[in-house]
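Quick one: this structure, given as structure tokens, is what I'll be asking you about.
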Amino acid sequence: MQHLIEDEWLWGWDPTPGIVSVWADVDGEATVWRRPPETGVLVREAVRFRPWLLIDNIDDLPEGDVTWRELDGPGALRFHVSADTGKALTAAVLHSASTRSGRRVERLSELDKSSVLSLPPEEQYLVASGRAYFRDLTFDQLHRLQFDLETTGLDPRRHRIFMVAVRDPAGEVEILEAASADNAGEAELIRRLVAKVQAADPDVIENHNLHGFDLPFLERRAKQLRVPLALGRIGSPGLRQRAARRGTVSDYDADRRVRFVIPGRELIDTLDAVRRFDFAARELPGHGLKAVARHFGLAGPERELIRGDQIHDVYQRDPERVRRYARADVEEAAGVARVLGGAAFALARMAPRRYERLADAGAATGVIDPLLVRAYLRSGQALPAHQDGDGTVHQGAALHLFATGVAHRIVKADVASLYPSLMRAFRIGPARDRLGALLALVDGLVEKRLAAKASAKLAPAGSAERYTHEAMSAAMKLVVNSAYGYLAAGDGLTRFADVHAANEVTRRGRETLDFMCRELANRGVQLIEADTDGVYFAVPESWTEADERRVVSEVAALLPARVHLEFEGRYAAMLSHEPKNYALLHYDGTLALKGVAFRSSRAEPFGEAFLRRAIERLLVGDIRGVREAYLDTVFAIRRRSLPTYDVSSRVRVTKTAETYMAVRESRRELTYEALLASGRRTWSLGERVRVYRTASGAGVVPDPDDEAITPTGDALVDRRDYDINHYVRVLHDTFASRLERAFTSEDFSVVFADPQQPSLFAPGLDDVKPRLFTMR
DNA sequence: TTGTCGCGGGG
DNA sequence: GTGTACGCGACAA
């Protein structure tokens with residue numbers, strides 16, 4: 001029985017299959033588009049629902065069209081009020097509020113959020129009906145269209161659209177182009193895009209940065225050219241707006257940020273999916289479409305690349321190249337949407353919100369809150385109002401550094417999903433959640449996630465079924481892991497936020513980590529570093545992998561049920577530098593560098609190369625090899641056998657030429673001196689350039705990342721006029737210094753002694769050994 | 001050197 | 001009628 005109720009909290013209760021979009025208005029008219037799974041053919045249904053809201057007081061509520069009922073429990077939002085139309089509902093509630101307060105209240109938004117809960121019409125409909133999107137539907141049954149604008153620049157007030165690539169739901173790509181570079185040509189191009197969308201009639205429109213670029217740009221241009229943007233399935237032409245923190249600044253009110261909405265279609269931005277994915281995975285080199293597509297193996301070897309600011313120029317010389325580029329863009333956007341879009345798709349089967357809202361929402365306020373609201377209403381329970389904290393500060397996780405330097409036979413052990421596990425193990429939930437709904441949701445999700453993972457394994461690799469189960473599992477993990485964030489959210493951000501409960505979770509977390517460390521140390525290992533939910537340690541020389549696994553399971557057995565300590569990995573050696581900064585040598589010989597000290601986008605290539613080589617030698621105990629890496633690099637700089645590119649670093653231009661020239665005399669900056677020295681007199685903000693230092697000034701080198709353009713003759717000649725002494729100093733002070741924890745200070749000066757200033761009493765390299773220094 | 005702010009993307 | 005965090009780079013103090 002209890003399980004049935006929890007299932008309703010998780011999924012809703014109405015089994016209607018195949019909902020692909022919902023549009024509703026405040027007066028209780030909803031339109032539902034469905035693709036019944038067996039036919040896949042789109043049907044449109046008009047349904048009526050009764051607009052409703054929750055309020056904390058119904059004194060002076062006028063009799064008549066409005067009905068209300070009182071919910072159970074102590075929650076402040078205890079009156080469920082509804083009416084035939086939203087107009088009648090709001091009028092009655094405003095009348096009541098005005099009478100009570102003695103002042104004229106004209107909008108619901110004037111009421112404090114602790115005294116009223118009023119959802120957008122679609123969500124009122126979904127919460128009340130128990131329906132949700134996509135039941136019995138797979139991701140591939142959705143009709144998805146991608147379009148990508150090519151423009152003459154980034155500013156829709158000054159620049160134009162000259163090309164649009166459109167990929168229809170069948171996967172056919174069409175390239176639309178303006179016939180002329182004037183208003184008439186651009187207007188006609190927009191009209192053809194609109195016609196194309198109407199003909200393809202997709203459920204979903206996707207692109208990378210759709211909400212940040214393509215939609216706002218298109219809207220602005222269409223308005224300027226007076227072309228009606230009839231992209232929706234119903235209603236009058238024109239894009240609608242909704243408030244969105246991560247939207248673009250509204251044209252009408254600079255303080256408002258908005259996203260565009262179209263009746264009957266879901267507008268999905270793959271950039272949102274990428275950010276949500278990388279938030280957990282932290283494995284992407286960047287969030288741009290090209291980088292992501294390459295990372296997921298979606299980009300072909302012949303992928304056409306053109307630097308953003310060159311696209312229009314290239315189009316004028318070689319339009320075919322830009323067509324190939326635009327085609328690749330929409331194809332990759334479709335690929336990224338399929339690879340990463342599954343989580344939001346799965347969330348839409350659970351939470352009572354539109355798919356596009358679940359795609360851009362944060363998991364705590366965007367997913368958990370709607371689930372809790374629906375659970376409380378289904379149970380006839382009053383909802384607590386938002387409440388500010390009582391001033392208690394939130395305590396975070398533990399971080400310990402036990403040893404620095406070089407250690408061998410490293411093991412990493414960690415607790416999977418530590419915080420939700422602790423919430424479940426010790427039944428830590430929000431004090432005001434009298435239904436225990438948050439913990440029930442977390443319990444249900446963890447169990448169902450295991451089932452989803454198992455089903456995914458059973459389904460054939462690459463099948464839609466496998467994909468659906470995997471996506472469901474990913475979505476559930478996302479929600480489970482944000483349950484703690486929901487508790488800890490400050491400023492009364494979430495309805496059930498509870499800093500005391502959150503502190504109890506982190507306190508248990510610190511206790512668990514400390515306990516693990518003690519028990520491991522008792523079993524004869526050398527602890528290196530412990531952070532939040534995991535610990536690195538070194539084991540004695542005589543131990544086998546079986547011994548390593550045995551200590552981990554011994555300690556795991558001492559932890560509470562539901563708190564699972566896992567053997568995460570083993571490594572040949574580790575250089576521990578600072579907390580969260582270390583290098584790991586895998587048993588297969590590959591080296592992994594973690595933390596700011598070892599990887600920085602600004603680092604000069606020669607330094608990075610030296611660091612990798614030196615650390616790799618260090619971790620296999622080859623001190624001579626470390627010395628050689630250092631000497632080779634010093635000599636390469638002194639002999640100028642290093643190309644200039646290797647000493648350059650990539651910087652971003654943040655001052656205009658005018659701004660810099662005004663302050664140049666008081667403070668010289670390498671970036672701008674380099675631009676000036678290379679003959680540039682103007683540059684654009686945000687531009688990235690590679691700069692280096694010369695004995696007398698600075699210079700610029702071309703960056704191959706940008707080189708879809710042919711380098712000019714000048715750039716091909718490498719003058720190698722970099723400042724030798726400066727770069728030798730950089731090598732020692734910022735790169736070799738990353739190895740200083742591995743040696744005594746005497747040994748460090750021997751290994752990294754300047755070859756031009758031999759010390760008379762230098763002890764031999766043979767006496768130098770890598771060390772491990774333990775704290776205290 | 002150390003703290004604060006703002007960005008990440010799109011042409 | 002909204003709401004991530006984190007790592008990094010730029011800038012000011």
Side-chain angles (χ1 to χ4, degrees), chain A residues 107-111 113 116-121 123 148-156 158-163 207-218 241-248 255-259 269-272 274-276 278-280 282 284-292 306-315 322 325-326 329 333 357 360-369 386 478 481-482 484-486 488-495 497 580-581 594-597 599-603 649-655 663 667 669 671 684 686 688:
Chain A
R107 295 155 167 275
L108 281 181
S109 57
E110 293 172 41
L111 298 175
K113 74 174 171 185
V116 63
L117 166 67
S118 168
L119 298 178
E123 294 177 22
D148 184 58
L149 307 183
E150 302 305 332
T151 67
T152 59
L154 289 170
D155 182 357
R158 294 161 35 219
H159 301 124
R160 290 186 189 283
I161 307 168
F162 66 88
M163 180 187 285
N207 194 23
H208 203 67
N209 206 15
L210 178 70
H211 286 289
F213 179 71
D214 300 84
L215 285 175
F217 201 107
L218 177 63
Q241 302 188 344
R242 59 170 231 256
R245 188 68 154 172
R246 292 183 302 148
T248 46
D255 293 334
R256 261 166 63 88
R257 297 182 77 84
V258 296
R259 280 195 170 195
D269 192 332
T270 48
L271 182 57
D272 291 324
V274 164
R275 295 211 254 240
R276 182 182 270 175
D278 206 37
F279 172 55
R282 286 196 277 117
L284 296 172
H287 292 170
L289 178 64
K290 284 82 182 164
V292 174
I306 308 173
R307 219 173 77 184
D309 59 354
Q310 312 248 328
I311 290 170
H312 190 234
D313 291 348
V314 172
Y315 181 66
V322 179
Y325 171 83
D329 270 7
R357 287 287 294 109
D360 76 14
T365 50
V367 183
I368 294 182
D369 217 51
H386 284 76
L478 188 83
N481 286 337
S482 57
Y484 160 75
Y486 184 91
D491 290 336
L493 210 63
T494 58
R495 188 171 301 283
K580 295 178 196 267
N581 283 273
K594 308 272 177 170
V596 276
R599 38 190 325 161
S600 153
S601 63
R602 270 213 60 168
S649 63
R650 201 163 137 99
V651 295
R652 204 185 167 88
V653 176
T654 57
K655 289 188 176 116
V663 299
R667 204 167 103 168
E669 290 180 50
T671 306
S684 44
R688 286 180 188 281

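Convention: sequence-line order gives letters A, B, ...; per-chain numbering from 1. Side chains are part of it too, since the values below use all heavy atoms of this structure and drop only hydrogens, waters and symmetry mates.
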How is A:L289 classified with respect to the nucleic acid when contacts are heavy atoms under 4.0 Å: base, sugar-phosphate, or nothing? sugar-phosphate

Select one nucleotide: of C:dT2, B:dG11, B:dG9, the one nearest the side-chain heavy atoms of A:A243. C:dT2

A:Y315 vs B:dG11: side-chain N/O to OP1/OP2 distance below 4.0 Å: no

Test item: A:T152 side-chain N/O and A:H159 main-chain N/O as donor-acceptor pair under 3.5 Å: no

What contact category does A:H159 fall into here, base, sugar-phosphate, or nothing, at under 4.0 angstrom with non-hydrogen atoms? nothing

Donor-acceptor pair, side chain of A:D148 and main chain of A:D329, under 3.5 angstrom: no

Between B:dG10 and C:dG3, how many Å separate the two C1' atoms, rounded to a whole number? 24 Å

To the nearest Å, how far apart are A:R259 CZ and B:dG10 C1'? 13 Å

Of the candidate nucleotides C:dT2, B:dG11, B:dG10, which contains the atom at the shortest distance from the side chain of A:T151? B:dG11

Provide, to the nearest angstrom, the distance between the CG atom belonging to A:L111 and the C1' atom belonging to C:dG1. 13 Å

Among the nucleotides B:dG9, C:dT2, B:dG10, whichever has the atom closest to the side chain of A:F213 is B:dG10

Is A:N207 touching bases, backbone alone, or none of the nucleic acid, heavy atoms closer than 4.0 Å? nothing

Given salt bridge (Lys or Arg N to Asp or Glu O under 4.0 Å), test A:R242 with A:D360 step by step and report yes or no. CA-CA 13 Å; A:R242 59 170 231 256; A:D360 76 14; 2.4 Å; yes

Rounded to whole angstroms, how far apart are CD1 on A:I161 and C1' on B:dG10? 13 Å

Report the distance from atom CG of A:D360 to atom P of B:dG9, rounded to the nearest whole Å. 18 Å

Indicate yes or no for a side-chain donor-acceptor contact from A:D269 to the backbone of A:H208 under 3.5 Å, with no hydrogens or angles considered. no

Mind checking A:D329 for me? I need base, sugar-phosphate or nothing, with any heavy atom below 4.0 Å counting as a touch. sugar-phosphate

Using whole Å, report how far CG of A:L210 lies from C1' of B:dG11. 15 Å

Inter-nucleotide C1' distance (C:dT4, B:dG6), Å rounded: 16 Å

For A:F217 and A:F213, take the angle between the two ring planes, folded into 0 to 90°, and tell me which bin it lands in: parallel under 30, tilted 30 to 60, perpendicular over 60. tilted

Quick one: which of B:dG9, B:dG11, C:dT2 gets closest to the side chain of A:D148? B:dG11

Rounded to the nearest angstrom, tell me the gap between atom CG in A:D272 and atom C1' in C:dG3. 14 Å

Could you work out which one of B:dG9, C:dT2, B:dG11 sits closest to the side chain of A:H287? B:dG9

Assess whether side-chain contact (heavy atoms from CB on, under 4.5 Å) is satisfied between A:Y315 and A:Q310, documenting all intermediate values. CA-CA 8 Å; A:Y315 181 66; A:Q310 312 248 328; over 6 Å; no

Which one, B:dG10, C:dG3, B:dG11, comes nearest to the side chain of A:I311? B:dG11

Touch class at under 4.0 angstrom, heavy-atom based, for A:R275 against every strand present: base

What does A:L154 touch in the nucleic acid at a heavy-atom separation under 4.0 angstrom: a base, only the sugar-phosphate, or nothing? base

I'd like the C1' distance from C:dG7 over to B:dG11, given in whole Å. 27 Å

Within the 4.0 Å heavy-atom criterion, would you say A:L108 contacts the bases, only the backbone, or no part of the nucleic acid? nothing

Give the rounded distance in Å between these two atoms: OH of A:Y486 and P of C:dA5. 15 Å

Can you tell me the distance, in whole Å, between the CG atom of A:L271 and the P atom of B:dG10? 7 Å

